[in-house]
Amino acid sequence: MALESGGIVILDYGSQTTQLIARRVREAQVYAALLPYVATLEQAQAAVPDFRGVILSGGAASVYDPGAPRLPGWVLDAGVPVLGICYGMQLLTQALGGTVAPSASREYGKTEIRIDCAEGLLAGLDAAQTVWMSHGDRLERPAEGFAPLASSDNAPFAAVGNVARGLYGVQFHPEVMHTAHGTEMLRNFVIEVCGAQPGWTAQNVIDASVEAIRAQVGAGRVLLGMSGGVDSAVAGALIHRAVGDQLVAVFVNHGMLRKGEPELVVEVTQNLGWNLVAVDATEEFLDPLRGVEDPERKRMIIGKTFADVFEREASRVGQLDWLAQGTIYPDVIESAGTGRPGADRIKSHHNVGGLPDHLKSKLVEPLRELFKDEVRAVGSLLGLPDEIVWRQPFPGPGLGVRCVGEITWERLETLRAADDIFLTELRAAGLMDGIGQAFAILLPVRSVGVMGDNRTYDEVIALRAVTTTDFMTADWARIPDDVLAHASSRIVNEVKGVNRVLYDISTKPPATIEWE
Ligand code: XMP
C-alpha cells in the first residue's frame, strides 16, 4: 500500500510495550511497522518503503551481556533520524562510543524529569515532566556529539540528542500512558524530526484497502467466515465496499453464542446488503461434545466441527476464489515473533478454521496492518453499528469455554441467561467502557441453598470482569458492591437451576481471562 511509504520502522528488542510505540506513532497519523531487531535493510524497506526514521524499542537485556541483541549496521547508515528508547538508547550510545553502566539502584515507575533543552524531540514541552522509567543500566557518558536534554535524580542523562543528526535517546518510555506527554514526544520525533507526512487516517486506510482488494481479487468471489466479532465484520465491510456482491459471508451458529448474537449478525449483514449464508449447526456441535469435560478436547472438537461445517457450507455456495480473514496487526506480529522468545501455548485457539484446500494460498486479509483501535475506527466510518464495532472480544469456541464441565444445551441456556443479566446490569450502571471483558461462567459444582421453605441443590455461576489493555495481562474489575449484589440477586431469582453466584478476583497471570 502506498499509504505505508514514508512511515517509521520500529525495531523490537523485546519490551512488553513495543506495540504501544507503533500505536502512538500512528496516533500522529504516521504509519509505523514493527520488525524484529535482526531485520535487514531490505526487509525494512519492504515493510515501509522510503522510511523516514527508525525507533529502537526497549528490551530486557544489558548491552554488555554476551549475545545481547545488537544494532543492525544499516540503521546508522540509512541517514534517517533514530530514536532509541531505554535499551534502544543504550544500544545507540554504545554503538557511537558512549558509555553505559549498571545504575546503583534500579529506577522503576513514575519519575519526575527536568528538561534542560527543549529541542527536537522535546520541543514545546514544559521543563517539569512526569515519565515512566524501567531500567537497571543507565547512560554514564553520552556518545560524542550528543548533548544532555533532560535529567532525573537517578539518571543524569534521561534524554540525550544529537540534534544536528536527528539522533535521540530517552531512558524513559514515552509510549506508555504514565509518561504524561509521551504522545507529543513521539509526534515531535516523527513529524518534526523525521519530517514524515501525516496521512494514516481511517479514511485513507479505507480508500487504499478498497483499491488493494479490487486489484487483488479482480472478478473473483470472496468467501468470509463471520463470527459476530468486530474483526470479521470490518474485514467484510471493506471487501463489500470494494467488490460488493462478489463477497459471500458464511455465518456458522455453533449454539455457543451469547444471547441475541446470532440474530444480530443476521440483521446487521442483511441491513448492509451482504450475501449471507447463515447456518444453525447447533446439533452438529453438541453431538460430539456429549460427555466431554476436558477443556482441550472440547476446544479440539469445536474447532474441528467448525472447520467441517464451514467447508461444507462454503462448497455449497459454488465457485469461490478467495478466502477473507480478519487477521489484525497484533496477530501478524505475534506469529512473526518479533522480539520475544517463543511463548508457551497455553490454550489452543481456534478462529476462522476450515480453509478449503484450494483457498489456502488465496487469502484476503484487509486488516493485516491495523491495530484493534484502527479496525474500530475503520468499521465506524464504514457504517457498522456501535454494537458490532465496540464488541468485546469473544473466544472462537464461545460459551463452550465458559461452560465448565460437560456442554449441554440446557447448561448453555442457563449460562446464556446469567451472562445476559450480568452484562445488562453492567451496561445499566454505565461500567462497560472501563471493562475489557465481562462474562459469566457456569461451574460444574452444585451447592445447597434455600428457596422459600425448600432446600435447593443447584449449580454455581461465577462472574468475571477484567480491566486490561492488551489481554496478555489483566486485573479483576473493581465493580461496585451494589451492582454485583443486583446482578447476583437477579441471577438466582431469574435463572432456573442456579442458587449461588461468585465473583472472580484473580489476576492474569497467574489465572487466564477465560476459565478454559
Ligand atoms: P485467556 O483466557 O488466554 O484469553 O487469558 C486471552 C484473550 O483471548 C480470548 N480467547 C480466544 N480468542 N479464540 C479466540 O479468538 C479462542 O479460542 C480464544 N480463547 C481465549 C479471550 O476471550 C481473551 O480475550
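Quick note: residue numbers are just sequence positions, from 1. Order of appearance sets the numbers: ligands from 1, and atoms from 1 within every ligand.
Remark: side-chain polar atoms of Asp419 are not paired, donor with acceptor, to backbone N or O of Phe439 under 3.5 angstrom.
For the pair Arg416 and Glu413, the salt-bridge criterion is met [side-chain N within less than 4.0 Å of a carboxylate O]. The pair Asp231-Lys372 counts as a salt bridge, with a side-chain nitrogen and a carboxylate oxygen less than 4.0 angstrom apart.
Near Lys508, meaning under 4.0 Å from any of its heavy atoms, are these atoms of ligand 1: 1 (P), 3 (O), 5 (O), 6 (C). Within the listing of ligand 1, atoms 6 (C), 24 (O) sit less than 4.0 angstrom from a heavy atom of Phe471. Within ligand 1, counting atoms from 1 as listed, the ones closer than 4.0 Å to a heavy atom of Thr512 are 1 (P), 2 (O), 5 (O).
Residue Pro395 holds the heavy atom nearest to atom 12 (N) of ligand 1 of all those in Gly229, Pro395, Gly436.
Taking only nitrogen or oxygen atoms, main chain and side chain alike, Pro397 does not reach within less than 3.5 Å of ligand 1. Residue-to-ligand polar distances place Gln437 within reach of ligand 1: an N/O pair is separated by less than 3.5 Å. The distance criterion of under 3.5 Å between nitrogen or oxygen atoms is not met by Pro393 with respect to ligand 1.
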Side-chain donor/acceptor pairs under 3.5 Å, residues 24-34, sequence neighbours excluded:
| unit_1 | atom_1 | unit_2 | atom_2 | d |
| --- | --- | --- | --- | --- |
| Arg24 | NE | Glu175 | O | 3.1 |
| Arg24 | NH1 | Glu27 | OE2 | 2.8 |
| Arg26 | NE | Ala32 | O | 3.3 |
| Arg26 | NH1 | Glu369 | O | 2.6 |
| Arg26 | NH1 | Glu374 | OE1 | 2.6 |
| Arg26 | NH1 | Glu374 | OE2 | 3.4 |
| Arg26 | NH2 | Ala32 | O | 3.0 |
| Arg26 | NH2 | Glu369 | O | 3.0 |
| Tyr31 | OH | Glu369 | OE1 | 2.3 |

Without placing hydrogens or testing angles, list every side-chain donor-acceptor pair under 3.5 Å for residues 477-486, not counting sequence neighbours.
| unit_1 | atom_1 | unit_2 | atom_2 | d |
| --- | --- | --- | --- | --- |
| Arg478 | NH1 | Asp475 | OD1 | 3.2 |
| Arg478 | NH1 | Asp475 | OD2 | 3.3 |
| Arg478 | NH1 | Trp476 | O | 2.8 |

(request) Would you sort out whether Ser227 and Ser232 count as a side chain to side chain donor-acceptor pair (under 3.5 Å), showing the intermediate values? (result) CA-CA 6 Å; Ser227 66; Ser232 56; 3.2 Å; yes

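Residue contacts with ligand 1: Arg299 is included, with a non-hydrogen atom under 4.0 Å away.
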